Amino acid sequence: MNLRGRNKVSAEFNMSSMTDIVFLLLIFFMLTSTMVTTNALDLVLPKGKGKTDSNKNIAVSINKELQFFIDKEPVSETDLESKLLSLFSNDKTRAIILRAEEGVPIEKAVNVLDIANRNQIKVVLAVRPK
């Protein structure tokens with residue numbers, strides 16, 4: 001008498017559906033990552049080691065035409081201190097990220113540093129990674 005069963009169970013796993021899902025996720029993340037933009041102007045920053053994290057900080061940008069910007073909003077050099085103080089009135093733990101474009105006179109950057117020093121605000125100088 002033959003008591004062995006005729007149905008054999010296969011121990012194989014079909015990976016084709018798994019690879020389809022992985023490729024779809026890859027395409028999704030590639031497309032959505034190109035839509036993410038930073039909250040900064042298009043400036044050519046000087047090179048340096050390190051990385052700037054701008055989660056909850058305020059960016060002060062100076063371009064080659066010596067125009068000042070707070071985040072993306074243009075502001076005059078004379079109104080810079082009053083605008084910064086109004087932004088920092090709520091939260092003193094925030095910091096200024098100073099983005100001075102290459103070729104900007106150092107006096108303009110020192111002006112922003114002086115404003116921050118007088119009002120006990122932390123400053124981080126943004127640079128372009130090497």
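From a predicted model like this one, the values you see are computed outputs, not experimental measurements.
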(request) Could you check N111 against E107 for side chain to side chain contact (heavy atoms under 4.5 Å, CB included), going step by step and ending with a plain yes or no? (result) CA-CA 6 Å; N111 185 22; E107 293 85 19; over 6 Å; no
(message) Can you pull out every side chain to side chain donor-acceptor pair (under 3.5 Å) where at least one residue sits in residues 15-31? Sequence neighbours excluded, please.
(response)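 Listed by first then second residue: N14-S16.
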(request) Evaluate the side chain to side chain contact (heavy atoms under 4.5 Å, CB included) criterion for residues V124 and N57: first the C-alpha distance (whole Å), next the side-chain angles of each, then the deciding distance (0.1 Å), finally the verdict. (result) CA-CA 10 Å; V124 176; N57 299 325; 5.8 Å; no
(message) Starting from I106 and following side-chain heavy-atom contacts under 4.5 Å between hydrophobic residues (I, L, V, M, F, W, Y), which residues can be reached?
(response) V110
Spacing of [atom1] belonging to [X] relative to [atom2] belonging to [Y], to within rounding of 0.5 Å:
| X | Y | atom1 | atom2 | value |
| --- | --- | --- | --- | --- |
| L31 | L26 | CG | CG | 9.5 Å |
| I96 | F88 | CD1 | CZ | 4.5 Å |
| L84 | I58 | CG | CD1 | 6.5 Å |

(request) Identify the residue among N117, I62, I121, V123 that makes a side chain to side chain contact (heavy atoms under 4.5 Å, CB included) with V112. (result)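 So the option named by the test is I62.
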(request) For the pair N63 and F69, evaluate side chain to side chain contact (heavy atoms under 4.5 Å, CB included) and give the outcome as yes or no after the intermediate values. (result) CA-CA 9 Å; N63 62 9; F69 297 89; 3.6 Å; yes
Shortest non-hydrogen contact from [X] to [Y]?
| X | Y | value |
| --- | --- | --- |
| K83 | V75 | CG-CG2, 3.8 Å |
| E101 | K64 | OE1-N, 3.0 Å |
| A126 | I97 | CB-CG2, 3.8 Å |

(message) I'd like to know if the side chain of D71 reaches the main chain of E73, judged simply by a donor and an acceptor atom lying under 3.5 Å from each other, with no hydrogens or angles considered.
(response)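 Checked: no pair found.
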(message) Treating N119 as the side-chain partner and I115 as the backbone partner, does any N or O pair qualify as donor plus acceptor under 3.5 Å?
(response) yes
(request) For residues L85 and E81, determine if any side-chain heavy atom of one lies less than 4.5 Å from a side-chain heavy atom of the other. (result)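 They are in contact (side-chain heavy atoms under 4.5 Å apart), so the answer is yes.
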